[in-house]
Amino acid sequence: AVSKFDSALKINPKKHDALWCLGNAYTSQGFLNTDVGKAHDFFGKAATCFEKALAEDPKNDVYKKALEMTSKAPQLHAELQKQLQTQQAPEAVPELTAVCNAIQQQQAQAGAQG
């Protein structure tokens, strides 16, 4: 997904909806990455995308909320990793799946509102 949005943004770097989608892709990659440093890099990239999207459409509440949520992502990621470490591997998979599903539902709801 990231490469598709990068391609779209090469054509039109101010396409705010593509920036928002790319930010969501980076956020998802961050949460799926167990390496804290790499996860924070993805969250940083996501924040940059959301900031650019907001600059292009400053009144968009979905972009504002995405940027706000991304600032909380490192803490949520740390909590998730801690929970996963305390559980046995077979039990951790449903937990991670539930978190990913919740993120996807929030993104879908935000997209429907925008």
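FYI, side chains are in, hydrogens and waters are out, and symmetry mates aren't considered; it's all heavy atoms of this structure. Along the sequence shown, residues carry numbers from 1. Every value quoted in this text rests on a predicted model; they were computed, and no experiment measured them.
- Looking at every heavy atom in both residues, Phe50 comes nearest to Trp20 through CE2-O, 3.3 Å.
- Asp61 pairs by the salt bridge (charged side-chain N to carboxylate O under 4.0 Å, His left out) definition with Lys64, not counting sequence neighbours.
- To the nearest 0.5 angstrom, Gln29 atom CD is 8.0 Å from Lys45 atom NZ.
- A salt bridge does not link Asp57 to Lys59: none of the charged nitrogens lies less than 4.0 Å from a carboxylate oxygen.
- When all heavy atoms are compared, the tightest approach of Ala39 to Gly30 is CB-O, 3.3 Å.
- Residue Leu22 holds its CG atom at 4.0 Å from SG of Cys49, rounded to the nearest 0.5 Å.
- With ring centers used as reference points, Phe43 lies under 6.0 Å from Phe31.
- Put simply, the residue from His77, Gln81, Gln75 that forms a side-chain hydrogen bond (donor to acceptor under 3.5 Å, both in side chains) with Glu79 is Gln75.
- Residues satisfying the salt bridge (charged side-chain N to carboxylate O under 4.0 Å, His left out) criterion with Lys72, sequence neighbours excluded, are Glu68.
- Leu54 and Asn60 make their closest contact through CD1-O, 3.7 Å (heavy atoms, listed as atom of the first residue, atom of the second, distance).
- Cluster membership for Tyr26 and Met69, using ILVMFWY side-chain heavy atoms within less than 4.5 angstrom, is not shared.
- When all heavy atoms are compared, the tightest approach of Thr70 to Ala46 is CG2-CB, 4.1 Å.
- Within the model, atoms SG of Cys21 and NE2 of His16 stand 11.0 Å from one another, a figure rounded to the nearest 0.5 Å.
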side-chain contact (heavy atoms from CB on, under 4.5 Å) for Asp17 and Tyr63? Distances and angles first, verdict last. CA-CA 9 Å; Asp17 53 343; Tyr63 300 163; 4.0 Å; yes
